[in-house]
S.K.: 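First, the structure itself, so that you have it in front of you.
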Amino acid sequence: MTELLTKAKKLKAASKRLGMLSSGEKNKALAVMAERISAEKEYILQENQKDLATGKSNGLSESLLDRLLLTSDRIDQIVDGIYQVIELEDPIGERIEAWDRPNGLQIETVRVPLGVIGMVYEARPNVTVDAATLCMKAGNAVLLRGSTSALNSNKALVEVMRAALEETAIPADAVQLLEDTSRETASEMFRLNQYLDVLIPRGGAGLIQSVVQNATVPVLETGVGNCHIFIDESGKKEMAIPIVLNAKLQRPSVCNAVETLLIHENWAHTSELLNELHHNGVELRGDDGLCDEFSFVKQAAEEDWGTEFSAPVLAVKIVGDLKGAIEHIDQYGTKHSEAIISEHEENVRLFFLAVDAAVLYHNASTRFTDGEQFGYGAEIGISTQKLHARGPMGLKAITTTKAFVRGTGQIRG
C-alpha cells in the first residue's frame, strides 16, 4: 500500500475519535504541542537550515527563501499562534438555529467538523503548524502536503507535533505529512474522495489552479493576492504615505502586500510618495506619464498590472477618477484585498459597493488581511471564492453543519 493510502486510512479513523473530543481535551493537547515545539526549537531550526541551503543552491528567489525561513522569533510566533487558538471559542457543537414545525418536529442545526482536510501548500513551514492547530481545534484530522523545498522543516515539525500528541486525547494519527511530493502522488491525493472531505490549496496561482482543475475532492479555494491601493483626490498625505510603504514593504513576499498603486490625477503629493518609495528600495513600474516625469520609474508592461510580484516591486498608474480605479481593479484584481485612501464619504461608499473582493479597506493597509489580525487566531488560508467561506478563514470556515430532528412518532402523510 502506498504512503498516501496508508496515511489517509489512519486519518479517517483518527477523525472519528477526534470529532468526539471535548473542548478541554483538545485545548490540553494543543498546549502540550506548543510546549513541545518550544522545547525542540533548536532541532527545528537545524532542519530548516537544510532546506534553506538546498533552496539557495537551487536558485530560489529571495522572496521564496523568506517564506521558507524559520527563526527563533518566527517559531515563538508559531507557538503564540497555538495559544491564541486555544483561547478561541470552540465552534463544534454550536447551535446555529432551532425551530419547531407545526407537526411537532423540533429541528436544530449544529456545527460539526468537516472530517479529514487535505492541505496543499508551498514553502512556508509555519503553515504546517497553523493548519494542524486549526484543524484539530475544529475536530478535523489533516493531511499535510507541503513543497519539496520545505520537506526537512515540515518533517521536523510534524514529528514534534505527533510526539506531543502521543501524551494526549488527540490521536497522533490525526496529523499526517505526505512526504512523497511527486506530482503523481499529488494527483492521486486530489481524487481521494473516499478519505478526504475537502482540499485547501495555499500558495501561488499555479498550485491553486492545479488543485482546482484536477481535484474531484471538493476544494476550498484560496487565492492569489494582486492587491491594489487607490489614493483618492482627498487622501491625506500623512496617512497615504505610511499606508503604502507598510503595505508594500512590511513583508513584500506575502499575499496581502500591495502590488499596484492607483493615484488620482489631482492628488497633490504623488512626487513625494514616489520618491519615498524609491528611496526605500522599491522598484516602480509605471504608465507613460509617470515614466516621463520620474527618471526612476520603469515602463510597465501589460503583464505588470496583473502580477503578484511578492517582492519590493510596485506597479503605479495615474487614474482620472474613482470610476477609473474601479475599472482597473475589476480588470486586474484577484478578489483578495483592495484599499481606498480617501476623506470623501461617498467615494468610499461607492468603492465598497462596487469592488468585488474578499476584504475592502478604507484608510488602512492591506496587510491586515490575516486570521490573527481579524481575531481568528492562526488562519487556514485566505479564501477569494464566494461559496462557503471568504476572506481569512478561521475555525468556523473549516466546519459544516448537521440538522438534528427530534420527534414523538411523526410520519409523513
Side-chain angles (χ1 to χ4, degrees), residues 7-8 10-12 14-15 17-19 21 23 25-41 44 47-48 70 74-75 77-88 90-92 113-147 150-179 189 196-203 220 222 371-372 376-381 393-395 397-399:
K7 291 182 173 178
K10 290 180 178 179
L11 285 162
K12 194 71 172 179
S15 72
R17 292 167 55 195
L18 174 54
L21 296 180
S23 297
E25 289 172 313
K26 290 185 288 186
N27 287 338
K28 184 177 179 181
L30 294 179
V32 173
M33 203 170 73
E35 291 167 5
R36 184 65 69 92
I37 290 172
S38 289
E40 297 290 347
K41 182 186 291 187
I44 295 166
E47 295 303 298
N48 180 246
L70 288 177
R74 287 187 180 181
I75 291 179
Q77 290 169 10
I78 288 170
V79 171
D80 287 344
I82 297 175
Y83 285 116
Q84 289 174 26
V85 171
I86 290 171
E87 292 299 316
L88 294 174
D90 188 346
I92 301 305
L114 282 167
V116 181
I117 294 175
M119 279 294 302
V120 186
Y121 55 105
E122 294 175 317
R124 295 168 62 179
N126 65 292
V127 175
T128 300
V129 181
D130 289 352
T133 303
L134 283 167
C135 286
M136 287 187 286
K137 175 81 177 201
N140 300 298
V142 61
L143 177 60
L144 301 161
R145 196 275 187 186
S147 57
L151 185 57
N152 290 298
S153 305
N154 291 338
K155 285 169 67 175
L157 287 164
V158 172
E159 176 190 328
V160 170
M161 288 191 290
R162 284 173 55 88
L165 293 176
E166 292 286 358
E167 309 169 16
T168 75
I170 293 181
D173 282 342
V175 181
Q176 301 283 353
L177 176 70
L178 184 58
E179 297 180 21
M189 176 184 172
L196 301 183
D197 293 288
V198 68
L199 288 170
I200 303 177
R202 182 169 170 178
L220 187 50
T222 63
E372 182 180 353
Y376 299 159
E379 72 188 16
I380 202 78
M393 295 187 291
L395 291 171
I398 49 174
T399 65

S.K.: So that I can tick it off, tell me whether Asp90 and Lys137 are bridged by a salt bridge, with the cut-off set at under 4.0 angstrom between side-chain N and carboxylate O.
M.R.: no

S.K.: Would you call Asp197 and Lys12 a side-chain contact if the rule is heavy atoms closer than 4.5 Å?
M.R.: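 SC-SC contact between Asp197 and Lys12 confirmed.
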
S.K.: Is the number of heavy atoms from other residues, nucleotides or ligands within 6.0 Å of CZ (Arg74) greater than 12?
M.R.: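 Buried by this count: over 12 neighbours within 6.0 Å.
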
S.K.: Take Tyr376 and Leu134 through the test side-chain contact (heavy atoms from CB on, under 4.5 Å) and record every step on the way to the result.
M.R.: CA-CA 10 Å; Tyr376 299 159; Leu134 283 167; over 6 Å; no

S.K.: Excluding sequence neighbours, so at least two apart, what forms side-chain contact (heavy atoms from CB on, under 4.5 Å) with Asp173?
M.R.: Lys10, Ala14, Arg162, Gln176

S.K.: Check side-chain contact (heavy atoms from CB on, under 4.5 Å) between Lys28 and all other residues, then give those that pass, not counting sequence neighbours.
M.R.: none

S.K.: First locate atom CG of Asn48, then atom CG of Leu157, and finally report the distance between them rounded to the nearest 0.5 Å.
M.R.: 8.5 Å

S.K.: Of all the heavy-atom pairs spanning Ala169 and Leu21, show the shortest one and how long it is.
M.R.: O-CD1, 3.6 Å

S.K.: Would you please test Glu122 and Arg202 for side-chain contact (heavy atoms from CB on, under 4.5 Å) and show each step?
M.R.: CA-CA 7 Å; Glu122 294 175 317; Arg202 182 169 170 178; over 6 Å; no

S.K.: Is Asn140 reaching over with its side chain to a backbone N or O of Val116, donor-acceptor style, under 3.5 angstrom?
M.R.: no

S.K.: Donor-acceptor check, side chain of Thr222 to backbone of Pro201, threshold 3.5 angstrom: yes or no?
M.R.: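 Confirmed, Thr222 side chain pairs with Pro201 backbone.
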
S.K.: What pairs meet the side-chain hydrogen bond (donor to acceptor under 3.5 Å, both in side chains) rule with one or both residues in residues 30-41, with sequence neighbours excluded?
M.R.: Arg36-Glu167, Lys41-Ser72, Lys41-Asp76

S.K.: Quick one, Leu114 with Ile117, criterion side-chain contact (heavy atoms from CB on, under 4.5 Å). Give me CA distance, side-chain angles, the key distance, then yes/no.
M.R.: CA-CA 7 Å; Leu114 282 167; Ile117 294 175; 4.2 Å; yes

S.K.: Given the rule in the side-chain contact (heavy atoms from CB on, under 4.5 Å) test, do Val142 and Leu11 qualify, once you have shown the distances and angles that lead to the verdict?
M.R.: CA-CA 7 Å; Val142 61; Leu11 285 162; 5.6 Å; no

S.K.: Roughly how far, to the nearest 0.5 Å, is OG1 of Thr133 from CG of Leu88?
M.R.: 11.0 Å

S.K.: Closest heavy-atom contact between Leu165 and Ala29?
M.R.: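 Result for this residue pair: CD2-CB, 4.1 Å.
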
S.K.: Got a second to check how far Leu177's CG is from Leu151's CG, nearest 0.5 Å?
M.R.: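 The CG atom of Leu177 sits 6.5 Å away from the CG atom of Leu151.
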
S.K.: What's the separation between atom CE in Met136 and atom OG1 in Thr168, rounded to the nearest 0.5 Å?
M.R.: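 If I round to the nearest 0.5 Å, the distance is 8.0 Å.
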
S.K.: Report the distance from atom CG of Asn154 to atom OG of Ser147, rounding to the nearest 0.5 Å.
M.R.: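 If we round to the nearest 0.5 Å, Asn154:CG and Ser147:OG are 7.0 Å apart.
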
S.K.: Compare every heavy atom of Gly19 with every heavy atom of Pro113, then report the nearest pair and how far apart it is.
M.R.: CG-CA, 4.1 Å

S.K.: Quick one: does Ile398's side chain get under 4.5 Å of Met393's, heavy atoms only?
M.R.: no

S.K.: For residues Val175 and Leu144, determine if any side-chain heavy atom of one lies less than 4.5 Å from a side-chain heavy atom of the other.
M.R.: yes

S.K.: Would you check if Cys135 and Ile380 make a side-chain contact, meaning some heavy-atom pair closer than 4.5 Å?
M.R.: yes

S.K.: Closest approach of Ser15 and Ala141, non-hydrogen atoms and distance?
M.R.: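 Taking Ser15 first and Ala141 second, the nearest heavy atoms are CB-CB, 3.9 Å.
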
S.K.: Quick check: do Val120 and Ile200 have side-chain heavy atoms less than 4.5 Å from each other?
M.R.: no

S.K.: When you measure from the side chain of Lys155 to the backbone of Glu179, do you find a donor-acceptor pair of N or O atoms at a distance under 3.5 Å?
M.R.: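 Judged by distance alone, no pair lies under 3.5 Å.
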
S.K.: How close do Lys26 and Ala138 get, heavy atom to heavy atom, and via which atoms?
M.R.: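 In terms of heavy atoms, the two residues are closest at NZ-C, 4.5 Å.
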
S.K.: Side chains of Ile92 and Leu395, heavy atoms from C-beta outward: is any pair under 4.5 Å?
M.R.: no

S.K.: How many angstroms lie between atom CE of Met119 and atom CE of Met189, to the nearest 0.5 angstrom?
M.R.: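 Atom-to-atom, Met119:CE and Met189:CE are 9.0 Å apart.
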
